[in-house]
Visitor: 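Quick one: the structure is below, and I'll ask about it shortly.
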Amino acid sequence: GDKLIERLKSEGANSPADVVITVDAGNLWRMQQEGLFQKIPDSNQLLTKIPANLRDPDGYWFGLTKRARVILYNKERINPSDITRYEDLADAKWRGQVIVRSSNNVYNQSLVGSMIAAQGEAKTEVWARGLVANFARKPEGNDTAQIKAVAAGIGDITLSNTYYLVRLAKSSKPEERQIAGKIGVIFPNQSDRGTHVNISGGGVARYAPNREAAIQFLEYLITPEAQQIFAGSNHEYPVIEGVAIDPTLAGFGRFKADQLSAKTFGALNPVALKLMDRAGWV
C-alpha cells in the first residue's frame with residue numbers, strides 16, 4: 001500500500017494507471033486523502049451490488065472482496081469457549097500467551113479503529129495495554145508467522161486474517177498443511193457487534209486515461225463470474241451475495257459480521273496507531 005501510494009503521487013498526472021486495487025480500508029482511505037482516486041457517483045452496479053458499509057459513501061473506492069480478522073488458537077492448549085470477544089484477549093489469564101504482528105500493520109490498525117468506534121478511545125487503550133501485557137514475544141513477522149508460532153507453542157493465541165490460514169491449509173507443502181491442522185478459528189463478538197470484516201478494494205485513478213473502461217472493469221469485478229475468480233484466488237469472501245465461497249474458507253463456519261462502515265474504521269487508522277504506540281504495542 002505504501003509503495004503504491006508513493007508511486008501514484010510521484011507519477012502525478014503522468015500516471016498510466018486506470019484502476020488502483022489494494023488491501024484494507026485504511027489504505028483506501030489514505031489514497032482518497034491523498035487525492036489519488038476520482039469520484040464515481042453514478043455507477044448503478046457499484047452502488048447497488050456492493051453493500052453500503054463496504055464502499056466509500058461518496059463513491060471514491062469500493063470493496064471487492066472481504067476478509068475477517070479472527071482469533072486463532074492452538075487446539076491442544078486452548079479451550080475456544082474461554083474466548084468469545086476481542087476484548088477477552090486483554091484478560092490477565094492469557095499472560096504470555098498472545099502473539100500478534102506490529103502496530104505498523106494496517107490490518108491491526110483497522111481492527112483497533114473498529115474497537116474505537118464501538119467503545120471509545122479510552123476503553124480501547126485500556127484493552128490495548130492489557131493485550132500488550134499478555135504478549136508472548138515482541139511483535140514480528142506477518143500473519144503467517146504468527147500462525148506458525150502458535151502451532152509451534154511459542155504462544156497459544158493470535159489475530160489473523162482468515163485467508164492466511166486457508167493458504168496454509170491448501171499449501172502444496174505437507175508441513176504447512178500440518179500447521180493449519182493444529183489451529184482453530186474463533187469468530188469474535190458474535191453476541192454483540194460481530195466479527196471485524198475488512199476489504200480488498202479499489203477505485204478509478206485520479207488521472208485515469210481510460211475512465212469509462214476503468215469503471216466497466218470495476219463493475220466486471222463484482223459480477224458473479226469475476227467474484228468467483230477473484231475471491232477464490234485470494235481466499236477471501238465475495239463482496240456480493242450468492243457467490244460460492246472457497247470450501248476451505250467456508251469450512252471455518254458462518255458468522256455474524258460487524259456492519260461498521262469500512263470508511264469509519266479506515267479513517268480511524270491514524271488514531272488507532274497513536275493509541276497502540278501509547279500502549280507499548282510496537
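Counting from 1, the numbers follow the sequence of the chain as shown. Just so we're clear, the structure is a prediction, and the values are computed from it rather than from any experiment.
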Visitor: Compare every heavy atom of Pro51 with every heavy atom of Val239, then report the nearest pair and how far apart it is.
Guide: O-CD, 3.4 Å

Visitor: Would you call Arg30 and Asp2 a salt bridge, taking side-chain N to carboxylate O under 4.0 Å as the test?
Guide: yes

Visitor: Between Arg7 and Glu11, is there a side-chain N and carboxylate O pair less than 4.0 Å apart?
Guide: yes

Visitor: Taking all non-hydrogen atoms of both residues into account, name the closest pair between Met115 and Arg193 and its distance.
Guide: CG-NH2, 3.8 Å

Visitor: Determine whether the side chains of Asn108 and Ser102 contain a donor N or O and an acceptor N or O closer than 3.5 Å.
Guide: no

Visitor: Going by an N to O cut-off under 4.0 Å, is there a salt bridge joining Glu125 and Arg278?
Guide: yes

Visitor: Kindly work out whether a path of hydrophobic side-chain contacts (I/L/V/M/F/W/Y, heavy atoms less than 4.5 Å apart) joins Ile240 to Phe255.
Guide: no

Visitor: Is Arg67 close enough and on-axis enough to Tyr107, meaning under 6.0 Å and within 45°, for cation-pi?
Guide: yes

Visitor: One thing to verify: whether Lys49 and Glu219 come together as a salt bridge, which I'm taking to mean a side-chain N less than 4.0 angstrom from a carboxylate O.
Guide: no

Visitor: Could Glu76 and Lys182 be called an ion pair, given the rule that one side-chain N must be under 4.0 Å from one carboxylate O?
Guide: no

Visitor: Does Gln109 form a side-chain hydrogen bond (donor to acceptor under 3.5 Å, both in side chains) with Ser103? I'd like the steps, not just the answer.
Guide: CA-CA 7 Å; Gln109 291 171 27; Ser103 62; over 6 Å; no

Visitor: Looking only at heavy atoms, what is the nearest atom pair of Ile186 and Val70, with distance?
Guide: O-CB, 3.4 Å

Visitor: What is the minimum heavy-atom distance between Ser160 and Leu72, and which atoms define it?
Guide: CB-CD1, 3.6 Å

